[in-house]
2 protein chains.
Amino acid sequence: MPAEAKRRRNRRGEGDLLRRQILEATTVLLAEAGDANAVSMRDIAAAAGVTPPAIYRLFADKEALLRAVIAERFDAFDLHLEQGEAGATTVREQLEGRCRAYLDYAATHPGHYRVLFSATHLGPVEVGASDGGHPGAASFNRLLTAVAACVPAGRGKAQRAFTITVELWSALHGFADLRITKPEFPWPASSVFLADMLERLV
Amino acid sequence: MPAEAKRRRNRRGEGDLLRRQILEATTVLLAEAGDANAVSMRDIAAAAGVTPPAIYRLFADKEALLRAVIAERFDAFDLHLEQGEAGATTVREQLEGRCRAYLDYAATHPGHYRVLFSATHLGPVEVGASDGGHPGAASFNRLLTAVAACVPAGRGKAQRAFTITVELWSALHGFADLRITKPEFPWPASSVFLADMLERLV
DNA sequence: TGTACATCAGTGAACGCGCGTTCACTGATGTAC
DNA sequence: TGTACATCAGTGAACGCGCGTTCACTGATGTAC
């Protein structure tokens, strides 16, 4: 509790400033824990420099808070993949950049990656960005687009692009996830894995 | 508790019979939950038709019990993969059978698969079978052997076989894991995924 | 064959703890007059 | 400029619950005589 500096109470009308502090505290704790169940409302309150009940004026309950944080992390993930394409001059480079960004995000934010892609406890999350449906769906569709751009036109192209995208996504997720859960394994460098994988798939 | 039939107390000297019942109850609950943290000692005791303290005469604590069950599941997993090779006449068929068994185990025992390959909470588990090291290591090494048998001899063969095995394992795990966590996605059939993946990798 | 006794499989009650959440409140801030 | 008051950001204490685990015990089973 008082590891945090003494908080000054927000001024009237500025109570929602705490909202952001709580979101950010939760984000940090989730990154460390890699598991939404391992982060308690008390932990969050302490990290935000506030007592637990203060959270409830801003979020209905723990689930609502987690959903909000996870939605933000999905958006950040999508943005990171988007930025991975920046500077690419060919469709092939775009695809490569996107995949590199995928592995990079998982490697630099393992806790968040696990919360996004290994969680079962929480149902679907509304993502600010896009695609009415599932949060993962947005990323998948963009990856599909990037793959399709690299597949030569012809009969059955859409089918082929879909198959390749599923294989690519599986490989990326498998590599990312196993690296996190089995860090003692002698993994090859992501760049080597990725280059080889793309050569074989596309 | 009394959903279970009234248990008859074991005879003297047969107290260890309960050991198996507890292991099996835990196995069932782990399959349903897919998460060791979501299964309590009280749940286990109730499923075994016994009160919680009875467990402690047979297992030191919850962790010891979970380790024992998980070690058994790793052995079962390895055995399943081994059986996947049965009947194969070529090394390529052996590899294919092993991979098919991998995906098949994950699909038919999703809860156990997740406990084995997505758990972070528990440290390394001693497996009855083999390879002093990590439990996953045994499976990996056997997969590596199966892949190596399909890779033509030549300079750098070992290196190539290792790379391919990492890629294959990543793809298998990614596909298996995502199928479990995102069941609403329009996954292609495992057999199609596998055939295509092997064609591309080997 | 019968009885006293030691063994041991399992029970019932309780422990201390951390959890999500609720409730009545406090006291600083801004507003009305 | 000064005071009474409403607002609202946040607190302190407590709730009921489920958890892993411990402890003193009970009572059926087998053994010794």
Side-chain angles (χ1 to χ4, degrees), chain A residues 1-26 29-30 32-33 35-70 119 121-123, chain B residues 1-26 29-30 32-33 35-70 119 121-123:
Chain A
M1 353 25 199
E4 292 291 319
K6 192 83 164 194
R7 232 184 79 86
R8 275 182 56 125
R9 188 229 283 257
N10 283 313
R11 299 232 291 285
R12 252 170 105 196
E14 297 185 337
D16 281 7
L17 293 183
L18 180 55
R19 188 184 184 83
R20 267 255 59 82
Q21 297 175 36
I22 291 171
L23 288 169
E24 261 145 39
T26 309
L29 292 173
L30 236 35
E32 289 164 359
D35 177 1
N37 288 327
V39 174
S40 75
M41 292 298 262
R42 284 168 161 87
D43 293 341
I44 293 167
V50 121
T51 60
I55 299 175
Y56 289 84
R57 224 175 25 83
L58 299 162
F59 299 93
D61 52 23
K62 188 183 184 186
E63 190 186 330
L65 169 54
L66 286 176
R67 280 185 189 283
V69 173
I70 290 172
H121 22 73
L122 235 49
Chain B
M1 9 350 218
E4 291 291 320
K6 192 85 166 193
R7 230 184 81 86
R8 275 181 56 124
R9 190 229 281 261
N10 283 314
R11 299 232 290 287
R12 251 170 105 195
E14 297 184 339
D16 281 7
L17 293 183
L18 180 56
R19 188 184 184 82
R20 266 254 60 80
Q21 297 176 36
I22 290 172
L23 287 169
E24 262 145 38
T26 308
L29 292 174
L30 235 35
E32 289 164 0
D35 177 2
N37 288 327
V39 174
S40 74
M41 292 298 263
R42 284 168 160 88
D43 293 341
I44 293 165
V50 118
T51 60
I55 299 175
Y56 289 85
R57 225 177 21 84
L58 299 161
F59 299 93
D61 52 22
K62 190 183 182 184
E63 190 185 330
L65 168 55
L66 285 176
R67 279 185 189 283
V69 172
I70 289 172
H121 22 73
L122 235 50

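Residue numbering restarts at 1 for every chain, and letters A, B, ... go by the order of the sequence lines. Computed from a prediction, not measured in an experiment: that's the story for all the values here.
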Next on the checklist: I want to check one thing: is the phosphate of C:dG18, taken as OP1 and OP2, less than 4.0 Å away from some side-chain N or O of A:Ser40?
Outcome noted: no

Checklist entry - Taking CG from B:Leu66 and C1' from D:dC19, how many angstroms apart are they, rounded to a whole number? => result 14 Å

Checklist entry - Which nucleotide in the list C:dG10, D:dG10, D:dT11 gets nearest to the side chain of A:Leu18? => result D:dG10

Item to check | Value in whole Å for how far the P atom of C:dG20 lies from CD1 of A:Ile22 | outcome: 14 Å

Checklist entry - For B:Arg20, does the CZ atom have more than 12 heavy-atom neighbours from other residues, nucleotides or ligands under 6.0 Å away? => result yes

Checklist entry - Counting only Watson-Crick or G-U wobble pairs whose two distances fall under 3.5 Å, which nucleotide matches C:dA24? => result D:dT11

Item to check | A:Asn37 CG - C:dG20 C1' separation (whole Å) | outcome: 13 Å

Checklist entry - Which whole-number value in Å describes the distance from B:Arg42 CZ to D:dC17 C1'? => result 10 Å

Checklist entry - If only side-chain N and O atoms of B:Arg57 are considered, is one of them under 4.0 Å from the OP1 or OP2 phosphate oxygen of C:dA9? => result yes

Checklist entry - Separation of B:Ile55 atom CD1 from D:dT21 atom C1', in whole Å? => result 11 Å

Next on the checklist: In whole Å, I'd like the distance from the CZ atom of A:Arg20 to the P atom of D:dA9.
Outcome noted: 18 Å

Next on the checklist: One pair to check against side chain to side chain contact (heavy atoms under 4.5 Å, CB included): B:Val50 and B:Gln21. What are the steps and the verdict?
Outcome noted: CA-CA 10 Å; B:Val50 118; B:Gln21 297 176 36; over 6 Å; no

Checklist entry - Using purine N1 to pyrimidine N3 plus N6-O4 or O6-N4 for Watson-Crick, or N1-O2 and O6-N3 for G-U wobble, each under 3.5 Å, what pairs with C:dC17? => result D:dG18

Checklist entry - Rounded to the nearest 0.5 Å, what separation is found between the CG atom of B:Asp35 and the CG atom of A:Asp35? => result 7.5 Å

Checklist entry - Rounded to the nearest Å, what distance is computed from the CG atom of residue B:Asp43 to the P atom of nucleotide D:dC19? => result 6 Å

Checklist entry - Does the A:Asp16 side chain pair with the main chain of A:Arg19, one donor and one acceptor, at a distance under 3.5 Å? => result no

Next on the checklist: Going by purine N1 to pyrimidine N3 plus the second Watson-Crick contact, or the G-U wobble pair, all under 3.5 Å, which nucleotide sits opposite C:dA32?
Outcome noted: D:dT3

Checklist entry - Of all the choices, C:dC23, D:dT21, D:dG10, which nucleotide is nearest to the side chain of A:Pro53 once you look at every atom? => result C:dC23

Checklist entry - When the distance from CD1 of B:Ile44 to C1' of D:dG20 is rounded to whole Å, what number comes out? => result 11 Å

Item to check | 5′-ward residue of the pair B:Tyr56/B:Arg11 relative to DNA chain D | outcome: B:Tyr56

Item to check | A:Phe59 six-ring centre to A:Arg67 NZ/CZ under 6.0 Å and within 45° of normal | outcome: no

